[in-house]
Every structure is written in C-alpha cells, then in structure tokens.
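The structure appears right after this line, and notes come after that.
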Amino acid sequence: MSKVITARSEDYSQWYNDIVKRANLADHSAVRGCMVIKPYGFAIWENMRDQLDKMFKETGHVNASFPLFIPKSFLSKEAEHVEGFAKECAVVTHHRLMNAPDGSGVIVDPSAKLEEELIVRPTSETIIWNTYRDWIKSYRDLPLLINQWANVVRWEMRTRLFLRTAEFHWQEGHTAHSTSEEAVEETLKILDIYEKFAEEYMAMPVIKGVKSVNERFAGAVDTYTIEALMQDSKALQAGTSHFLGQNFAKAFDVKFLSENNKEEYVWATSWGVSTRLVGGLIMTHSDDQGLVVPPKLAALQAVIVPIPKPDAIINEAADKVIAALKDKGISVKYDTDAKKRPGFKFAEYEMHGVPVRIGIGKRDLEKNQVEIARRDTGEKTSVDLDGAAAYIEKLLVEIQDNLFNKAKKFRDDRISRADDFDTFKEILNGKGGFVSAHWDGTTETELKIKELTKATLRCIPLNNEKEAGKCILTGEPSKERVLFAKAY
RNA sequence: CGGGGCGUAGCGCAGUCCGGUUAGCGUACCUGCUUUGGGAGCAGGGGGUCGCAGGUUCGAAUCCUGCCGCCCCGACCA
C-alpha cells in the first residue's frame with residue numbers, strides 16, 4: 001500500500017489529486033483554475049497529441065493556427081453560440097499598463113481602453129468562420145479540412161486538474177463542406193477516430209452516441225460524443241464531434257458557388273478532445289499504488305533497476321537489454337542512481353505508471369536471467385537475459401490488451417437497464433454507471449430527471465436497437481432507450 | 001455565486017484560544033560513514049518577508065481592521 005496516496009475507497013477525489021501530484025503530472029498554478037502541466041504529464045499529452053495528429057493527417061486534415069483573441073462582436077453573431085459561452089469568457093479590455101501615481105505599483109492605463117473588447121477564445125468557430133468567408137468562394141475550395149492545436153479559456157466556476165481547468169489544451173477541427181451529407185459523414189468519421197484512439201491507445205472503452213438537444217454544443221445541429229466510465233462509476237464525456245449545419249456559414253455569410261453556378265451556404269463540422277483525456281486516462285486505469293499508463297501512451301515504457309546498485313557486471317547486462325529494446329522501438333531508462341535503494345525505486349516507478357520494470361541483480365545474473373515486473377498486475381517473472389527484449393515486446397501488447405479488457409469489463413458490468421423510476425434511482429445510488437432507460441424525448445423530462453437524481457442524459461447510443469417502451473418518469477411513449485449517468 | 005476549510009521552510013503540519021528567549025516537528029535537500037533483492041540507519045548541516053497592508057503594544061505568527069489567494073462540496077461546463 002502506498003504511503004502517500006489516499007486509497008480510492010477512502011476518498012476518490014483525494015486519490016485522484018494525489019495521483020496527479022505524486023506522479024508529477026501537474027500542479028496547481030498561481031492562477032486560479034489554471035494548472036502547470038509538468039514534464040512527465042506533458043509527455044503523456046504529447047504522445048496523445050502525436051497519435052491523434054497522425055490520425056487526422058491520415059484522413060486528409062491539415063493544421064493551422066488562428067488567433068487567441070476573438071472580437072466581442074464575432075461571438076455574438078451566432079445566437080445560440082454566444083448564449084452557451086457568454087457566462088465563462090475572459091475579456092481583454094485594455095492594452096497598456098502604467099505606474100500608479102501613488103507609487104503603489106502598476107495599474108491598467110485607463111487611456112489604453114480597447115475600441116472593442118477581445119475575448120480570449122473559449123472555442124474558435126467564430127474567428128475561423130469569419131476567416132473561411134474569405135477562403136471559400138467555389139465548390140472547388142471544398143472540403144476544407146483544418147485542425148488546430150491550441151489552448152483555450154473557459155472561466156469555469158469550479159475546476160479540477162485535467163478534468164476541468166480554466167485554461168486547457170486541445171485540438172479543434174473545423175471543416176467546411178458543400179453538402180449536408182458530406183459534413184455529417186465527416187462528423188461521424190471523426191467520432192470513429194476518437195473511438196479508435198480512446199480504445200486502442202488509451203485502452204479506455206467508450207460509447208458512441210448523439211447528445212440530446214439540452215446537451216448539444218451551442219450552435220450545433222447535432223452533437224456526437226464518446227462517453228467513458230471512470231472507476232467511481234461516473235461518466236466522462238471524452239470527446240465531441242459536432243455537425244453544425246449551416247449555422248455558422250449563415251452567421252458569417254460564408255457562401256460558395258456550386259457546380260451548377262448556384263450560390264449556397266457552406267456546411268460545417270467542429271470537433272475536439274482536450275487535456276481532459278489525461279484525467280480520463282488516470283481514472284480509467286490507475287490504482288492505489290499510483291498511476292497506470294497503457295504502454296502505447298507511456299512516456300517511458302520500461303525501466304531498468306540495478307539491484308542493489310550499478311556495477312560493471314550489471315551495467316553490461318543492462319546495456320544488452322537496452323540495445324535490444326531500442327532495436328524494437330521500446331523506450332527504456334536505466335536508473336543508475338546509486339543513492340536510492342531498489343525498494344524506493346520500485347515504489348517510485350509504480351507511482352509513475354511505467355508499464356514494465358526490469359530488475360537486474362547478481363541473484364538473477366547467476367542464472368543469466370533478469371526479473372520482469374508488470375505494472376498492471378504487479379506480477380513478476382524471471383526470463384533469460386537474451387530473450388528479455390522479445391518477452392517485453394510481447395508483454396507490452398499484453399498489458400495494453402489487459403488494461404482495455406479490464407476497463408471494458410468494469411464498464412460493461414455497469415450498464416444497467418431500468419424500466420421504472422425506483423429501479424433507476426436505486427441503480428444510480430447503488431453501483432452507479434450507465435443506466436439504459438426509456439425517455440419521452442423532452443428536455444423538460446431530462447431536466448426533471450437531473451434534478452431528482454443528478455444523473456444527466458449522456459447520449460443516445462448510435463447503434464441503438466429500436467424498442468417501444470414508456471418513459472421512466474412520465475410514462476409517455478418512447479421509441480428507444482437512452483443512457484443516463486452521473487457525470488464529470 | 002452559496003456552504004465549508006486553509007494560508008508558518010520544497011511538501012505535510014504544530015504553535016494562534018491565553019502576545020514574551022534565537023519560530024518548532026516530520027519529510028525532502030546537502031556532507032560523511034555504515035548499508036543496499038520492496039520506500040535504510042546514525043551523525044552533522046543548509047533552508048523562513050509566519051499570505052499582504054495597516055493598527056494596538058515595550059514587544060505580534062499569536063490581538064484588531066481591511067484586503068488577497070488557494071482548496072473542497074454544490075449550481076455551470078470539454
């Protein structure tokens with residue numbers, strides 16, 4: 001049992017904070033609600049970013065960069081959009097500071113007031129669509145498939161490291177299409193990429209679905225989502241992909257001439273995932289010993305600990321293993337710090353979630369072996385020195401699979417059906433997780449359910465079976481089940 | 001914005017009620033020796049505007065006034 005991490009069973013929130021801090025992922029900063037992402041945490045985000053970036057580029061997207069600031073008037077051009085974001089905007093009003101007349105320090109120079117206030121982007125649809133107006137004239141300019149990696153600011157009332165910070169890093173894709181069908185296809189293509197990334201790389205099972213009107217992105221026609229389930233049985237919206245219809249094209253007057261010389265408004269999508277994924281990664285796999293990172297995203301996949309400390313014989317064996325691992329593209333670190341004892345290092349690397357630990361000591365070397373410990377199960381095995389790298393290569397795949405299967409079983413065990421409101425409440429207050437239930441399709445009922453149970457409508461799953469039933473709250477007829485859960 | 005809590009060494013805290021030597025403990029850090037197969041032991045050492053600004057007092061971490069910041073719970077949200 002870890003000496004420095006609160007057990008999940010004792011206080012889940014504290015456990016989460018302990019992991020983030022003790023595994024050196026991030027710290028609270030001097031700025032309210034904003035975090036400092038530390039090198040080890042950022043390395044995991046970089047791995048996520050690189051993989052996603054590759055997947056976006058493979059599907060024809062290119063990167064660009066748009067301004068951090070958005071003129072206030074832009075934000076208000078799409079009515080629903082501004083309503084959704086108005087309450088959480090950071091606003092720049094001045095452009096100069098001056099020394100205070102009384103010598104008390106520096107103040108904002110009142111004469112340097114901006115003509116028009118600038119909003120620090122909470123999302124970039126408006127500034128981007130304002131730009132697209134100049135870029136899109138003809139059907140030949142379409143589709144326009146652009147992504148940007150950026151930081152955005154949403155002045156949230158309450159923040160949590162990675163899960164909800166006032167400033168966060170993300171990618172936001174903004175595409176323009178000549179037909180509605182093509183835009184919808186793009187929206188779903190991205191959702192599939194998100195699903196693939198979550199499941200194959202993060203080893204985090206997700207449910208693809210569409211949001212209710214109430215949960216829809218401000219300014220979207222449809223919002224698609226991937227929903228994951230954390231170890232405390234609360235749901236996490238892990239990524240969203242929006243079909244924006246012609247809303248932004250109309251707001252920013254973005255038209256093109258079609259093949260038959262007709263002027264039409266452009267069809268749009270936008271989609272994003274953020275550093276929140278790091279939070280999801282933590283809460284999907286980690287345990288009371290610390291962080292657990294799936295091999296495909298680990299900042300460091302293997303570590304060699306000399307037992308008790310480095311010497312010529314151990315170094316020689318370590319060098320062999322390192323060379324063989326590097327040959328296979330596996331990242332490895334040889335911890336040669338002679339001041340720290342092996343036990344300390346074991347605990348430290350477990351805390352940091354390094355998937356595989358290789359122990360090399362005299363006892364093993366006498367048999368020409370090394371000891372290999374896997375982070376996910378804690379299991380240790382002795383293997384021949386010469387076969388170590390090949391063993392580890394297979395083991396990393398096995399760990400990746402095991403983490404996904406374990407998380408999937410956990411998630412699947414927590415999808416329950418409820419056919420009446422008492423059962424519904426009982427499940428939410430008991431084992432939690434997703435509850436599949438009939439709903440009459442109205443926002444009013446959705447809000448009432450939220451008020452009574454704190455559960456929100458997470459999504460209407462995409463491959464839902466149609467099934468006639470009655471709304472668990474109102475008894476009105478319903479065509480299909482939807483998923484509810486308490487969520488982050 | 002409502003409720004609760006907290007600001008004292010890198011981190012975690014005691015001391016504050018009831019003012020009084022040089023502000024203390026654990027841990028981390030540095031040096032040395034002994035250790036080393038699951039978070040080592042001993043000895044020595046360095047590190048502090050006690051959140052900020054006023055005030056009361058011979059004397060303030062401690063009392064008074066004002067301010068600032070952060071965390072947790074709720075409403076809001078990726």
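Naming convention: chains lettered A, B, ... in sequence-line order (proteins, then strands); numbering from 1 in each chain.
Sorted by first and then second residue, the side-chain hydrogen bond (donor to acceptor under 3.5 Å, both in side chains) pairs involving residues 271-283 of chain A (not counting sequence neighbours) are A:T269-A:W271. Residue pairs satisfying the ring-ring contact (aromatic ring centres under 6.0 Å, His included) criterion with at least one member in residues 278-299 of chain A, sequence neighbours excluded, are absent.
Note: A:F252 and A:Y132 fail the aromatic proximity criterion, with ring centroids not under 6.0 Å apart.
Under the rule for a side-chain hydrogen bond (donor to acceptor under 3.5 Å, both in side chains), A:N17 has no partner lying at least two apart in sequence or in another chain. Annotation: ring pair (Phe, Tyr, Trp, His ring centres under 6.0 Å) contacts of A:W15 (sequence neighbours excluded): A:Y12. By the ring pair (Phe, Tyr, Trp, His ring centres under 6.0 Å) test, A:F346 is found to be paired with no residue, residues two or more places apart in sequence or in another chain being considered. For A:W170, the ring pair (Phe, Tyr, Trp, His ring centres under 6.0 Å) criterion is met by A:F168, not counting sequence neighbours. Not counting sequence neighbours, the partners of A:H352 by the ring pair (Phe, Tyr, Trp, His ring centres under 6.0 Å) test are A:Y40.
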Each nucleotide N or O in nucleotides 40-44 of chain B that has a protein N or O under 3.5 Å away: list the pair and distance.
from: B:rA40; atom 1: OP2; to: A:R341; atom 2: NE; distance (Å): 3.2
from: B:rA40; atom 1: O4'; to: A:R341; atom 2: NH1; distance (Å): 2.9
from: B:rA40; atom 1: N9; to: A:R341; atom 2: NH1; distance (Å): 2.7

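At a threshold of 4.0 angstrom between heavy atoms, the contacts of A:L236 with the nucleic acid are absent. Base engagement by A:K380 is indicated by at least one non-hydrogen atom pair under 4.0 Å involving a base atom.
Contacts between residues 352-366 of chain A and RNA chain B, counted as heavy-atom distances below 4.0 Å, involve A:R357, A:G361, A:K362, A:R363, A:D364. For RNA chain B, no neighbouring residue in residues 183-194 of chain A is found when judged by any heavy atom under 4.0 Å.
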Check: residues 450-457 of chain A side-chain donor-acceptor pairs under 3.5 Å, at least two apart:
from: A:T453; atom 1: OG1; to: A:I449; atom 2: O; distance (Å): 2.6
from: A:T453; atom 1: OG1; to: A:A455; atom 2: N; distance (Å): 3.1
from: A:T456; atom 1: OG1; to: A:R458; atom 2: NH1; distance (Å): 2.7
from: A:T456; atom 1: OG1; to: A:A485; atom 2: O; distance (Å): 3.4

Cut-off 3.5 Å, no hydrogens considered: what does the side-chain donor-acceptor table look like for residues 197-204 of chain A, sequence neighbours left out?
from: A:E199; atom 1: OE2; to: A:V206; atom 2: N; distance (Å): 2.9
from: A:E200; atom 1: OE1; to: A:K196; atom 2: NZ; distance (Å): 3.3
from: A:Y201; atom 1: OH; to: A:Q51; atom 2: NE2; distance (Å): 3.2

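Between A:K454 and B:rC76 there is no side-chain N or O to OP1 or OP2 distance below 4.0 Å.
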